[in-house]
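Reviewing the structure listed below.
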Amino acid sequence: MADTAKKSGGGQIIKLALVLLAVAAVIALVLGVVNEITKGPIEDYLNNKRDEAYAMVMPGEGNNYEELDAGSYTNDASNTITKLSKATDASGNEIGYVAETTFSGAQGMITMVIGLDNDLVCTGIGITEHSETSGLGAKAADPTDPFPQSLPGNGDGLKLSKDGGTIAAISGATLTSRAVVTEIQTVIDAVKSL
Amino acid sequence: MNIKQQFKEGLVTNNPVLVQLLGMCATMAITTSLFNGIGMGFSVLIILTCCNVVISLIRKIIPNDIRLAIFVLVIAGFVTIVDLLLQAFIPALSESLGVFIPLIVVNCIIIGRAEAFCQKNPVGASFFDGIFQGLGYTCVLICMCVIREFLGKGSFGSGLINTTNGIGTGSGVHIFPAEYGALVLTLPIGGFITLGCLIALMQYVLRRSEEKKAAKANEEKEAANV
Amino acid sequence: MSANATIIEIVLSAILINNFIFSQFLGCCPFLGCSSKLDTAAGMGLAVIFVMGLASAICWIVNEYILIPLHLDFLQTIAYILVIAVLVQFVEMFLKKSVPSLYSALGIYLPLITTNCAVLGVVLLNTQYNFNFLQSVVYGVTGGMGFMLAICLMASVREKVAFADYPESFEGFPVALVTAGLIALAFMGFSGMKIV
């Protein structure tokens with residue numbers, strides 16, 4: 001402690017800065033190594049998640065998806081459709097469309113994959129990200145819940161029973177249910193506009 | 001500092017959340033399922049122990065003026081390592097905890113222990129301090145999770161027991177139907193109130209034990225005077 | 001929120017719908033520690049607004065022009081916390097020289113803004129939501145305003161609760177937490193609010 005008082009102020013600051021830099025460099029190096037190790041598994045997981053969501057809404061093995069250019073369909077005001085793809089099965093027949101969407105639910109943004117068949121009838125939904133309340137809006141993300149199971153088979157003009165249609169909303173989660181149904185309609189409108 | 005004493009301190013008398021009142025943000029935010037609670041608890045335990053050991057190792061060679069900056073750098077380094085490992089190998093936990101994993105960097109428990117303990121104690125004691133404080137933290141998280149989940153949804157072990165699609169999914173064992181639960185406990189208000197009651201309980205327990213000790217000391221004094 | 005959130009959506013979300021304290025739990029430690037008196041609370045709130053806004057701006061620039069081009073995304077946490085620590089240090093020096101009364105009023109709480117979950121939290125959320133520069137700064141400043149609203153509300157209530165009759169075990173933090181919980185319940189009324 002006594003000899004630090006002898007050093008000049010400038011030299012002391014430079015020494016401190018160098019020590020800090022050295023520690024930071026060592027840490028950055030270690031992190032670089034860990035990053036390399038974990039990059040592969042992380043990418044695999046993200047790709048698997050997307051493939052699983054697509055498989056959930058568009059049944060069939062070996063489907064191909066061809067992304068449609070964003071200018072070829074009309075998106076809604078908030079640009080909720082992030083990706084619209086035409087789906088063809090393994091033998092090349094067109095089986096419908098799959099859309100990746102991000103829209104606002106009751107508590108935050110919901111990221112959802114929607115499948116439509118050639119007659120613009122919903123084949124299923126898969127919610128991949130959300131921050132809805134568990135027990136209420138989060139039920140929409142649970143494949144075993146009656147609400148997402150009631151959506152396939154509904155076509156253009158689908159609405160909640162509260163709004164004059166036939167789909168029963170999740171009790172206590174009208175906002176989330178309405179947002180999901182509205183988004184399916186948005187995708188149907190987008191495909192109609194192609 | 002013997003180990004038994006450290007164990008008792010970490011878990012009860014100097015519990016990081018209930019007594020030192022540190023690290024409350026994460027405690028209230030993520031304790032909605034047992035999976036979250038145990039996952040976060042063990043992540044903090046590992047990070048705390050590693051940081052304690054490293055800081056204790058370098059405590060004699062780091063200049064005093066920049067020690068806080070170096071602590072923060074070391075902690076941030078370990079948090080990033082754990083974050084990357086979780087994203088790669090337990091992605092369900094990483095998604096569940098969200099932004100609260102990187103926020104472990106500013107968890108006052110870790111910086112607090114580094115400043116208060118590891119600076120002045122050898123590696124062995126620091127290692128055990130990390131383990132026991134981490135255990136104390138994990139125990140509080142598990143208590144909060146179990147209470148909030150049981151009273152809120154009537155289930156136990158959400159994400160760990162009865163998983164439907166790998167670890168992190170599923171809603172656990174249902175003890176009573178979810179409709180009879182107080183759903184409000186799984187919301188932010190539940191977090192605040194449950195933690196408030198737990199701290200009050202701890203303060204009551206500690207006060208009672210203090211009173212008992214004081215009464216016993218008085219008795220012995222009087223017995224000695226007689 | 002995603003990258004195409006409008007400014008008004010961000011403002012309302014940060015202050016009311018997803019209030020940093022009552023909804024997202026970011027910034028609880030100073031919230032509970034500083035909220036016993038209204039003037040300390042207000043001072044702390046202003047300091048946090050300032051730090052959050054500046055931190056959002058600087059961290060966005062660091063991320064956009066240094067970390068992303070060099071593929072160093074994994075160093076985000078470290079880079080952000082370093083920026084925040086240095087920023088708070090400079091704010092402290094600046095306040096000491098120009099507004100010494102505020103500096104002495106804030107006392108120990110000013111360096112504690114470094115460990116405030118809300119500051120690092122808002123910067124991380126800006127990255128997660130892919131906000132552009134303007135959105136990041138707006139989210140930072142209004143997040144701070146939400147924090148200030150929360151802490152001032154809490155201080156006003158706590159000044160009254162101090163005279164109330166509650167069990168002895170609840171002295172200190174427990175009664176503050178229960179109070180905060182009830183205010184959080186009130187704020188839940190804002191959830192689902194949309195601007196049409």
Side-chain angles (χ1 to χ4, degrees), chain B residues 17-19 21-31 66 68-69 71-81 83-84 87 98-112 184-185 187-208, chain C residues 18-33 74-82 84-86 89 111-125 127-128 166-188 191:
Chain B
V17 183
L18 299 180
V19 179
L21 302 173
L22 302 172
M24 283 186 284
C25 300
T27 313
M28 291 187 277
I30 50 104
T31 47
I66 48 167
L68 275 179
F71 290 168
V72 169
L73 273 180
V74 170
I75 297 173
F78 277 114
V79 168
T80 313
I81 293 178
D83 186 13
L84 287 173
Q87 275 182 42
V99 76
F100 282 98
I101 297 185
L103 280 179
I104 299 180
V105 175
V106 289
N107 190 325
C108 303
I109 299 179
I110 308 188
I111 302 190
V184 78
L185 279 175
L187 300 173
I189 169 181
F192 279 114
I193 292 190
T194 314
L195 185 61
C197 292
L198 277 180
I199 299 181
L201 186 65
M202 180 58 104
Q203 286 187 338
Y204 176 73
V205 164
L206 286 179
R207 214 166 21 93
R208 281 299 296 271
Chain C
N18 279 324
N19 185 286
F20 265 67
I21 305 270
F22 295 126
S23 225
Q24 302 190 58
F25 288 111
L26 298 172
C28 285
C29 294
F31 168 70
L32 290 168
F74 59 97
L75 288 182
Q76 268 163 3
T77 313
I78 288 195
Y80 292 163
I81 190 67
L82 275 179
I84 293 172
V86 170
Q89 194 70 28
L112 279 183
I113 297 183
T114 317
T115 56
N116 186 337
C117 296
V119 183
L120 183 61
V122 80
V123 174
L124 288 170
L125 287 174
T127 313
Q128 194 182 352
Y166 48 80
E168 210 185 319
S169 308
F170 273 78
E171 183 82 40
F173 268 41
V175 72
L177 282 170
V178 173
T179 314
L182 292 171
I183 306 183
L185 189 61
F187 265 73
M188 256 181 66
S191 77

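Computed from a prediction, not measured in an experiment: that's the story for all the values here. The sequence lines fix the lettering, A, B, ..., with proteins before strands; numbering per chain opens at 1.
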Which bit of [X] comes within less than 4.5 Å of chain B, counting heavy atoms only: side chain, backbone, both or neither?
X: Phe170(C); answer: both
X: Ala85(C); answer: neither
X: Ile183(C); answer: neither
X: Gln24(C); answer: backbone
X: Thr114(C); answer: backbone
X: Leu82(C); answer: side chain

Ring centroid separation Phe31(C) to Phe20(C) under 6.0 Å: no
Return the [atom1] to [atom2] distance between [X] and [Y], rounded to the nearest 0.5 Å.
X: Thr194(B); Y: Ile189(B); atom1: OG1; atom2: CD1; answer: 9.0 Å
X: Phe22(C); Y: Phe192(B); atom1: CZ; atom2: CZ; answer: 6.0 Å
X: Phe187(C); Y: Asn18(C); atom1: CZ; atom2: CG; answer: 11.5 Å
X: Phe173(C); Y: Thr179(C); atom1: CZ; atom2: OG1; answer: 12.0 Å
X: Leu206(B); Y: Arg208(B); atom1: CG; atom2: CZ; answer: 12.5 Å

Largest heavy-atom contact set with chain B, pairs under 4.5 Å, which of Val178(C), Ile84(C), Ile81(C): Ile81(C)
Chain C contact via Val205(B) - which portion, at a heavy-atom distance below 4.5 Å: neither
Side chain, backbone, both or neither of Cys25(B) within contact of chain C (heavy atoms, under 4.5 Å): both
CZ (Arg207(B)) with more than 12 external heavy atoms under 6.0 Å: yes
Expected output: side-chain Gln76(C) to main-chain Leu124(C) donor-acceptor under 3.5 Å: no
Residue, of Leu68(B), Leu73(B), Leu22(B), that accumulates the most heavy atom pairs under 4.5 Å with chain C: Leu73(B)
Selection from Val105(B), Ile111(B), Ile193(B), Leu103(B) maximising heavy-atom pairs under 4.5 Å formed with chain C: Leu103(B)
